[in-house]
Structures are given as C-alpha cells and as structure tokens.
Amino acid sequence: MVWGKAGSKTLTSAGELTDITLSANKCNSFMNHNVTMSANNDVIIQFNNDTANNYADRLERNGTENTSGSKGNIRLVPSGGAFDSFIVGYYANVESEEKLMILSSMQSNTGAGNAPDRDAGVGKWTNTSAQITEADITTTSTATLGADSNFTALGSEITPVAAITFPTNVQVGSRAEITDSRKMYNYVVPSITRSDDFSSDGWTDSDSTNMGVSGGTFNWNCKRDGSNDASTYDLTSTSANWVLRFKLKVTNVSASTQAGNGFFVGLSDKPNTDGHTTSQDFIGVGIYNDNTDSYRAIDADGSGLPYIYQGDSNQTTTYNTNSVWYYEIIKTGSSYTIEAFSGSDYSTGSEGKITGSSDASGLRYLKILNDMQTIATSTDPFQGTIDDLKFYNGVTQTTNYWQEIGA
Amino acid sequence: MAITYHAGRRIQATQADFDGIPAISGGWKELGRTTASGGGTDVTVSSLSDKRYYMILSSWTMSTSAQSRWRFNNDSGNNYSGRYSGNGGSDGTATSQSSIPYNNPGFDLTPHWNVGYIANKSDKEKLWINNQIYQNTAGAGDAPGRQEQTCKWANTSDVINEIRLNSSAGTYDSGSELVVLGYDPDDTHTSNFWEELADVTTGSTGALSSGTFTAKKYLWIQAYTPSSTNASPDGYVEFNADSGSNYAHRRSHNGGSDTTGTSDGIGIRIDGSGGQTAKFHNMFIVNNSANEKLVICNSITQQSAGAGNIPTRTESVGKWVNTSDQITRVDIVDQYGSDQWGAGSFIKVWGSN
C-alpha cells in the first residue's frame with residue numbers, strides 16, 4: 001500500500017471545513033490552505049466530532065512558544081489577523097493510543113510589505129478507542145473561512161484506483177436492468193428545450209437599445225442608471241433541474257471600471273417588465289466588471305435581485321475587450337453551480353465553479369437584465385454579446401446519460 | 001455479479017455495478033526536476049502543471065560563495081517577503097524583496113537540503129513553508145546548521161508555473177537538484193513519487209528497525225513508538241547499523257535554544273524529551289552515496305496521558321558523515337542501553353530517486 005488521498009474538502013462558499021471524511025491510516029500527512037478569513041480567530045481542528053476538552057497543543061508563533069491543555073481543539077494557526085493561512089501536518093493514528101500531530105504553519109499577512117507569521121507546533125487528541133476518520137477545520141469564534149479553502153489529507157495505507165463507472169459507450173436506447181434493486185434505466189440523449197443562435201428574435205424587451213437581439217446575437221449594454229433594461233424568452237415552465245449554457249463575448253470595456261458595472265443572465269418567474277429591483281424568483285449569474293472582474297451566483301426568492309457586486313459566491317475572472325467565456329449554470333433542486341470555461345466544449349479552461357442555493361420557483365423566463373442601482377460613476381462602457389444559448393430542462397448534464405425509468 | 005450484455009441492447013448488472021466505484025487518487029506526483037550540470041547560476045523547473053500544493057525537494061552546493069535565492073515565474077520585482085529563524089535564533093524578517101528572503105549563514109559551499117511546501121492558488125498570495133539543513137564543515141566534528149522559513153510571493157493573479165533556485169553571483173555544483181512534486185484535490189492519478197520501501201510494526205517490546213530496503217536518493221520516514229520501559233528514552237536515528245562516531249546533530253526542544261552534538265556514535269538525536277510515552281517522528285533525508293547524508297526531523301512526545309498534559313516537541317537536523325554508501329537501513333535507537341520500545345512500534349520508509 002502507498003500514499004493516497006485519505007480525504008479532502010474544498011469550500012464552495014464561505015463557511016467552515018466540516019465533516020471531512022478521512023480513511024483510517026496509521027501514518028498521515030495533510031495540507032490545509034485557508035483563504036479569505038472573515039475575522040481574526042484561531043484556526044482549529046477537531047476529530048470525529050469530538051468537541052470535548054480532549055485536546056492539548058504546543059505552538060510557537062514567530063519564535064515564542066505557548067501551550068494549551070484540556071481544551072476542545074488543536075490550534076492549527078493562532079489568531080494574528082484575518083489573513084490566509086497554510087498548514088502542513090503529519091499525524092500518527094493508532095486506535096488504542098493518543099493521536100499525535102506535528103505542525104508547520106503560516107499566516108500570510110498582507111502584501112510584500114509585510115512578513116508572514118511562522119508557526120511550528122505539536123498537538124494531541126487523547127482518544128484511545130478510535131482512529132481518526134473525520135475532521136473539522138473551524139475557527140474559535142465567528143470567523144468563517146472563505147470559498148476555495150481546502151483541506152487535503154494523504155494516508156499511507158491506501159491502494160489508489162481509477163474510477164470504475166457503468167458503461168456509457170453503448171447505443172442510445174440501451175436499457176440497464178438492475179437485478180438486485182430491480183431498477184430500470186434507459187440510455188438517453190438529453191433534449192435541448194431551447195436552442196437560440198439569435199438569428200431571429202423571439203425575445204421581449206424593455207429597452208432593446210441596451211438589452212435585445214439584433215445582428216445575429218443578443219446584445220447587452222450595461223447601464224446602472226436606475227431604469228429597467230431587460231429581455232425575456234418565455235419557456236412557459238421548467239423543472240427543478242436544468243442546465244443553461246451560453247457564449248459571452250465582451251466587445252467594449254473601458255480600462256477605467258469606475259464604480260463597476262454588470263448584468264445578470266438566468267431564469268425568472270417574472271417577465272422583462274419586472275426589472276432588477278422588482279420582487280421575483282430568480283437563479284442565474286451576475287457578470288461583474290470591476291477592478292477585479294468576477295462572476296457571481298445570484299438568486300432571489302420573492303425579492304429584488306442582489307446588487308451586481310453581491311451574490312452567494314463569486315469567482316474572479318477577466319473581462320477585457322474580445323474576452324470570450326462559455327458559461328454553464330446547472331440547477332439541481334435547490335442548489336446550483338456556475339462555471340465559466342475558455343473552451344467551447346464547456347470542459348477546458350475552467351475559471352472555477354461557484355455555487356448557490358435558493359428555493360426560487362416558477363422559473364419560466366430566460367431573462368437578461370441590468371443592475372438598476374443608480375450609480376453616477378458607472379458610465380464607462382461594458383458591452384458585449386450572448387450567443388449559442390442552450391437550455392436543457394429536467395436534466396443536470398448535457399451528455400448522454402442513464403435515465404431511471406422505474407422499477 | 002459481472003455486467004452482462006444481452007440481445008436487444010439490454011444490460012444486466014447489480015446496483016453496485018451501476019453506481020460504480022469512485023477513484024482513489026495517489027499521493028505526491030513529480031511535476032518536474034532539473035539537475036545542474038555545473039557552472040550555472042540557476043536551477044530552474046518550469047512549465048509546471050497548476051496544482052493547489054507543491055512539495056519542493058532541493059539539494060544544492062555552490063562552487064563560489066554567493067547568496068542562493070528563490071524566485072517564482074522569474075519575477076524579480078519586489079514582491080516577496082519572509083520570516084526566518086537560523087539555528088533556532090530569533091526570527092528575522094525581510095519585506096518587499098526581489099526574491100524569497102533568506103538569512104544567508106555563509107555556508108554556501110557546503111551541501112544544503114531543503115524540504116518545502118507551497119500553497120498555490122492563482123488569486124491568493126503564494127505561501128511557502130520551508131525547512132533547511134546545511135552540512136557545515138564536513139565530518140562529524142561539526143554540527144550542521146538549520147533554517148526555518150515562511151515566505152510568500154505576493155502575486156495574486158497567477159499560479160506558479162516556474163520555480164527558480166538562483167544565485168546572485170555564484171554557480172551551482174554539478175548534481176545540485178530541484179525536484180517539484182504536485183498535488184491537487186482534484187487529481188485522479190494513481191501513481192506516487194514516494195514509493196514504500198519498508199513497513200515494519202513490532203510485536204513485542206524491543207528494537208525498532210526498518211530492516212534492509214532499496215536505496216533511494218530521497219527518503220521520507222515516519223516512526224512511532226508507543227512507549228519505552230527505559231528510564232529516559234531519548235530517540236536517535238541510526239543508519240546502516242553504523243555505531244561509529246559518525247553523526248552530528250542540532251536540535252531545539254520546545255522552542256528553546258539549539259543544542260548540538262558532534263561525533264556521536266549512537267546516531268542523530270531526534271528527540272529531547274526523555275519521556276517514556278509515545279513518540280512520533282517525521283523526517284526527510286537526502287541520500288546520495290558520495291555526500292554526507294542530511295536529515296530534517298520533527299518529533300512529538302505525548303507526555304503523560306490526558307489532555308491536561310502538554311505534548312513536547314523537538315526540531316532537529318543531523319548528518320551521517322558516511323560518503324561511500326547510501327542509507328539502506330534505519331533504526332530508531334535509545335541512548336540508554338538496549339532498546340525497549342513498546343510493542344506496536346512502527347517505522348515506514350518511502351523513497352524515490
């Protein structure tokens with residue numbers, strides 16, 4: 001047996017790295033990279049959901065040693081600021097013995113003008129009846145860890161294997177008969193509910209000057225001037241699961257972002273006449289041009305949409321003139337993901353996947369709309385096109401798949 | 001039940017077959033390496049795949065004395081800062097530097113061994129934790145030196161795609177080497193840079209030895225002893241059963257000032273606590289036959305059971321001054337008489353060339 005992944009978790013939105021399942025190995029190592037701390041707290045670790053005072057540690061910060069015993073966690077990084085932190089650890093994990101951990105850690109501080117902090121330490125969990133099979137990385141108070149924070153443990157008694165999946169190199173229409181659960185599946189092609197190359201206009205506009213179809217593309221021109229610029233296409237209804245894909249091209253953007261500018265693409269229960277600030281249900285993406293460009297998970301449930309700089313989570317990206325990105329929104333029940341790709345295959349060049357959740361319902365309109373906040377200093381252009389839009393209803397993938405048809 | 005195929009495009013299988021088995025990925029994977037041929041001012045590994053974490057193994061000696069420094073993506077702007085402790089001394093810091101700051105102790109002409117880890121996320125500052133040993137004057141009469149560093153590259157728009165060991169004026173000896181390993185949580189590879197060489201668990205009280213294993217250039221060792229019945233069982237690591245006075249070390253116990261040992265005949269001291277309770281050691285070794293073998297080790301001793309008793313720790317570096325053999329056996333030994341490590345002690349050795 002060799003080193004292999006014992007467990008890993010990456011936050012998709014700000015929170016805590018909890019419920020990380022770990023395979024039990026005697027020898028282990030781990031890496032933990034925490035980004036965008038919301039406040040200045042210790043970063044700590046607990047095992048197997050044990051929050052009792054069964055831990056002790058010894059930690060040196062910048063050369064000064066301190067200890068802490070009979071406590072409810074092991075400190076990975078002591079507080080020093082709301083900074084990114086990086087921890088490398090090793091632990092011995094013998095069921096009948098106290099679990100022993102060696103740590104090397106650091107906090108980033110800010111910018112090259114500040115030196116990072118340096119930590120070195122050890123810790124123990126006094127449980128002598130179980131191996132570590134679960135870990136929680138949290139903070140000592142209210143601070144959260146930012147999206148993309150990650151914990152990854154490697155164990156030494158693992159046999160790595162490639163994934164084994166049920167065959168998909170079969171003909172469409174094949175049927176899988178599951179002999180023990182008695183379920184039946186058909187291999188099907190996901191149907192495209194709406195495919196729009198914008199060669200003709202079936203959309204309804206509020207101010208087509210800024211949001212509307214012409215010249216073979218959907219053309220957007222962001223205005224944060226308090227007026228409603230929106231366009232919708234009525235799908236009449238959608239399911240709990242769906243996929244929306246589209247190609248976005250930036251055709252004109254100023255080097256000066258001023259106060260930022262952007263717009264939204266998604267599904268709403270209300271037509272184009274109900275703009276950004278009007279109560280509605282909505283799930284989609286916010287395209288935000290600012291000093292740091294980003295795309296954002298935007299939803300509303302009986303309310304106006306968030307502002308363009310808000311949202312459940314966000315991913316930095318780049319919107320320059322002639323930038324082209326391929327966006328994919330996948331809604332699965334009450335959660336959804338958004339990912340931008342540089343490749344038209346929607347798999348290469350991912351900028352990163354972000355997530356959101358919402359109980360939004362009645363989503364029937366494909367909707368593209370502006371942010372209606374009145375910002376006098378958001379007048380520089382942010383314009384572009386949308387093309388090759390495809391909407392798949394009732395599915396969470398766009399490739400052929402096994403569809404359950406009953407038992 | 002195997003998946004079976006039938007007429008009429010029918011497939012029969014169990015639910016387990018249908019659900020499939022998720023991948024279990026392997027460990028650290030080599031992304032690139034460069035071995036110096038001598039005379040160059042840089043040892044560079046470029047075209048790195050984007051991984052969330054890098055593990056950096058570097059062993060180098062300079063031909064002419066000049067500060068060795070690190071740069072990422074060949075960025076020579078003042079975008080680096082760091083903190084370092086040399087030989088357990090007070091921390092020093094340097095900010096707005098044109099390379100990773102390094103407290104040059106003036107031993108460039110002797111072999112160095114570094115093991116570092118980097119957190120590599122494009123939109124975040126790149127964070128680097130590094131431990132280093134330098135050989136000092138050859139021979140067991142001089143203890144090696146050590147450096148602990150945490151550094152960063154303040155770039156928040158790129159991933160690291162090049163790591164450069166660079167000298168301001170000197171050149172690197174032939175055989176100096178930089179190896180970059182990568183690991184990403186999304187990895188699906190089933191390979192490993194670190195190959196298991198030995199895995200020994202004892203069944204009764206006594207010695208703890210890896211036995212003979214295949215020689216490799218780089219070694220990673222973890223060893224655990226649950227107890228010892230000896231009165232004050234300080235741990236040492238011994239190689240190839242050599243009990244001659246061929247070892248020297250430097251160590252800090254609980255963050256205290258470094259102490260050194262030279263011309264030791266028992267091994268490299270990796271534990272300063274003397275506790276009879278469990279000990280866990282993690283060490284990395286560069287294992288070239290023609291060079292003194294350099295060891296970086298971190299250890300914990302449990303101390304008395306219970307959360308009210310604080311564990312102790314030891315940071316150590318050491319060298320085995322043999323320059324004709326590679327390490328092919330590792331023993332965790334006790335300085336007092338015969339080893340009495342408790343049953344269930346284990347040692348694992350991984351290696352790679």
Side-chain angles (χ1 to χ4, degrees), chain A residues 2-5 8 10 26-27 31 33 35 53-56 58 60 62-63 65 67 69-70 84 86 88 90 92 97-98 100 102 104 106 108 111-116 118 120 122 124 126 148 150 152 154 156 158 160-166 171 173-181 316, chain B residues 1 9-15 17-18 20-27 52-53 78-83 85 90-91 93 95-96 117 119 121 123-125 127 129 148 150 152 154 185 190 192 194 196 222 224 226 254-255 278 280 282 298 300 302 305-311 313 346 348:
Chain A
V2 296
W3 287 105
K5 181 158 75 175
S8 181
T10 302
K26 287 198 298 186
C27 294
M31 295 77 70
H33 186 204
V35 299
N53 292 330
N54 294 321
Y55 303 84
R58 170 183 297 277
E60 176 191 75
N62 299 340
E65 190 106 343
T67 64
S70 298
D84 294 357
F86 179 38
V88 175
Y90 312 95
E97 303 287 344
E98 295 188 355
L100 304 183
I102 298 167
S104 294
M106 66 181 293
S108 67
N114 292 288
R118 181 179 69 84
V122 293
K124 67 177 184 178
T126 61
D148 293 325
N150 171 265
T152 297
L154 302 178
S156 66
I158 288 172
V161 295
I164 299 174
T165 58
F166 197 66
Q171 288 178 284
S174 294
R175 186 174 71 186
E177 302 166 354
I178 309 306
T179 53
D180 50 356
S181 66
T316 58
Chain B
M1 174 185 170
R9 290 183 288 180
R10 293 168 50 239
I11 302 172
Q12 291 190 334
T14 65
Q15 192 65 49
D17 292 327
F18 186 82
I21 299 172
I24 302 174
S25 62
R52 181 67 178 262
Y53 302 110
N78 294 327
N79 298 318
Y80 304 86
S81 68
R83 175 181 296 274
S85 169
S90 299
D91 278 16
T93 62
T95 58
S96 299
Y117 293 90
K121 190 170 186 308
D123 61 340
K124 298 296 177 184
E125 295 182 335
L127 307 183
I129 299 171
E148 300 168 272
T150 58
K152 64 175 179 176
T190 57
N192 267 284
W194 297 106
E196 185 174 284
Q222 290 190 350
Y224 176 84
N254 292 339
F280 177 54
N282 186 86
N298 286 277
I300 172 176
Q302 171 198 296
N309 298 297
I310 308 298
R313 69 188 184 95
F346 62 79
K348 289 196 172 199

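Values below: every heavy atom of this structure, side chains too, minus hydrogens, waters and symmetry copies. Within every chain, numbering begins at 1; the chains are lettered A, B, ... in the order of the sequence lines, protein sequences first and strands thereafter.
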In terms of heavy-atom proximity below 4.5 Å to chain A, should B:Asn254 be classed as side chain, backbone, both, or neither? both
Heavy-atom distance under 4.5 Å to chain A: side chain of B:Pro185, backbone, both or neither? both
Measure distances from B:Asn309 to the heavy atoms of chain A and classify the residue's part below 4.5 Å as side chain, backbone, both or neither. both
Highest number of heavy-atom pairs under 4.5 Å with chain A: which of B:Pro22, B:Ala154, B:Ser90, B:Gly26? B:Gly26
Ignoring hydrogens and geometry, is there a side-chain-to-backbone donor-acceptor pair from B:Thr150 to A:Met106 under 3.5 Å? no
Would you verify whether the NZ or CZ of A:Lys26 falls within 45 degrees of the ring axis of B:Phe346 while also being under 6.0 Å from that six-membered ring's centre? yes
With a 4.5 angstrom heavy-atom cut-off, could you sort out which part of B:Ser25 is near chain A: side chain, backbone, both or neither? both
Name the member of A:Ala176, A:Ala92, A:Ser104 that forms the most heavy-atom pairs with chain B at distances under 4.5 Å. A:Ala92
What is the ring orientation for B:Phe18 with A:Phe166, classed by angle as parallel under 30°, tilted 30 to 60°, or perpendicular over 60°? tilted
Under a 4.5 Å heavy-atom cut-off, does chain A meet the side chain of B:Asp123, its backbone, both or neither? side chain
Side-chain donor-acceptor contact under 3.5 Å, A:Tyr90 with B:Asn298: no
Less than 3.5 Å apart, any donor N or O on the side chain of B:Asp91 or B:Thr93 sitting next to an acceptor on the other? no
Given a strict heavy-atom distance threshold of 4.5 Å, which part of B:Phe280 is in contact with chain A: side chain, backbone, both, or neither? both
Give me the ring orientation class for A:His33 and A:Phe86: parallel if the planes are under 30° apart, tilted from 30 to 60°, perpendicular past 60°. perpendicular
Report which part of B:Tyr117 has an atom under 4.5 Å of a heavy atom belonging to chain A: side chain, backbone, both, or neither. both
